[in-house]
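Take a look at the structure set out below.
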Amino acid sequence: METLRKHFNLLSLFAVLYLAFLYVPVLLLPLFSFNDNIYVTLPFKGFTLKWYQNLMVNSSLQAALWASVKVGVGVSIVSTFFGLLAARAMTRYRIPFRRSVYALIMLPLVIPYMVIGVSTLVILRRALDLDLSLLTVGLSHVLITVPLSMLVLIARMEGFDRSLEEASRDLGDTAWKSFRRVTLPLVMPGIVSSLLLCFITSFDEYLLAFFLAGSESTLPIFIFSSLRFPSKIPDVLALGSLILMVSIVLVVFAEWLRRRGVSGSDSSVL
């Protein structure tokens, strides 16, 4: 019993240190964004909001932010659509070579992004002769986010009673009406989670955008290029603080929606 208690204490200490290692630097980000100094140092030179004010007049940063938002929204919608179709096929139909098809779709999750970026660049420029733009960035992001969407939606579709769909069909609904009236509301929390996950993945992605953005800049590219200049670092800290707050709100909302969906599906079965 004493040995078990010691192991538990060691695991608790490890968990605390691990969480501190992950989140203390993130929590320091908003703190330094109010420092009246272009260098991230202690003690503070003074309290200021001018770095947040600079965000309102930095047209290059706003353009990069808007570009990332446009790409992220488009990628999340397209990837969730294809992920929903793939999840539906995998959970409701007998597909020949099902495991091979599943592994092929999941392959981008294990291939290094540098390999995907170079190969996609060669195909888009050499084979298809497409100009590099936000569109090519979005196409590459769809490639890596469809597997994520599919994983989320497969878990959701396998989590509710299939007899509800069968009852709908027995009552005379067509396959489309049964999907729209029964399946879609039940998997809606998974769809929202997929949209958020795909958006965040696309919004945060740097390597593929670096290869395929051309003359247009997404937010990660802009941030990495700004780190070379100390005078621009405070603006990046302020922007990162705002993104952190928005991310926390989105995560809390997604978790609330997931719990609401789980409780709702349980009550519908009862």
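- In terms of the ring-ring contact (aromatic ring centres under 6.0 Å, His included) criterion, Phe222 has no residue partners (sequence neighbours excluded).
- Heavy atoms only, all atoms of each residue included: Leu124 and Leu139 are closest at CD2-CD1, 4.4 Å.
- With rounding to the nearest 0.5 angstrom, the CG atom of Leu208 is 10.5 Å from the CG atom of Leu121.
- Between Leu151 atom CG and Ser194 atom OG the span is 10.0 Å, to the nearest 0.5 Å.
- How far CG of Leu143 is from CD1 of Ile105: 11.5 Å, rounded to the nearest 0.5 Å.
- Hydrophobic clustering of Ile, Leu, Val, Met, Phe, Trp and Tyr side chains at less than 4.5 Å, counting indirect connections, keeps Val24 apart from Phe14.
- Heavy-atom minimum distance, Phe211 versus Leu132: O-CD1, 3.8 Å.
- Enclosure of atom CE in Met114 is not indicated, since only 12 or fewer non-hydrogen atoms of other residues, nucleotides or ligands lie within 6.0 angstrom.
- Counting heavy atoms from C-beta outward, Ile144 and Ile116 have side chains that approach closer than 4.5 Å.
- With contacts defined as side-chain heavy-atom distances shorter than 4.5 Å, the pair Val187/Arg88 does not qualify.
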If you apply the rule side chain to side chain contact (heavy atoms under 4.5 Å, CB included), what do you find for Val246 with Leu242, and how did you get there? CA-CA 6 Å; Val246 173; Leu242 294 177; 5.5 Å; no

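- Side-chain contact check for Leu107 versus Ile111: some heavy-atom pair is nearer than 4.5 Å.
- When each of Cys198, Ser68, Pro220 is checked for a side chain to side chain contact (heavy atoms under 4.5 Å, CB included) with Phe203, only Ser68 meets the rule.
- The side chain to side chain contact (heavy atoms under 4.5 Å, CB included) test with Val142 is passed by exactly one of Pro108, Ser79, Ser149, Ser202: Ser79.
- Rounded to the nearest 0.5 Å, atoms CG (Leu239) and CD1 (Ile223) are 5.0 Å apart.
- Using a 4.5 Å heavy-atom threshold, the side chains of Phe82 and Met150 count as separate.
- Using a 4.5 Å heavy-atom cutoff, the side chains of Phe199 and Val75 are not in contact.
- Applying the side-chain hydrogen bond (donor to acceptor under 3.5 Å, both in side chains) test to residues at least two apart or on different chains, the pairs with a partner in residues 203-221 are His141-Glu205.
- Side-chain contact check for Lys70 versus Trp66: some heavy-atom pair is nearer than 4.5 Å.
- When Val118, Leu207, Thr120 are each tested for a side chain to side chain contact (heavy atoms under 4.5 Å, CB included) with Tyr113, only one passes: Leu207.
- Residues Ile243 and Met56 do not share a hydrophobic cluster, defined by chaining ILVMFWY side chains whose heavy atoms lie under 4.5 Å apart.
- Of the inter-residue distances, the one linking Phe210 atom CZ with Ser225 atom OG reads 10.5 Å to the nearest 0.5 angstrom.
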Given the rule in the side chain to side chain contact (heavy atoms under 4.5 Å, CB included) test, do Asn54 and Trp51 qualify, once you have shown the distances and angles that lead to the verdict? CA-CA 5 Å; Asn54 290 345; Trp51 312 125; 3.5 Å; yes

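- Listed by chain and number, the residues in a ring-ring contact (aromatic ring centres under 6.0 Å, His included) with Tyr52 are Phe34 (sequence neighbours excluded).
- Of the possible donor and acceptor atoms, none in the side chain of Thr201 sits under 3.5 Å from a partner among the backbone N and O of Thr145.
- Hydrophobic clustering keeps Val57 apart from Leu219 (ILVMFWY residues linked when any side-chain heavy atoms are closer than 4.5 Å, directly or through intermediates).
- No option in Ile191, Leu197, Leu148 other than Ile191 meets the side chain to side chain contact (heavy atoms under 4.5 Å, CB included) test with Thr80.
- Interatomic distance, Leu195 CG to Met188 CE, rounded to the nearest 0.5 Å: 9.0 Å.
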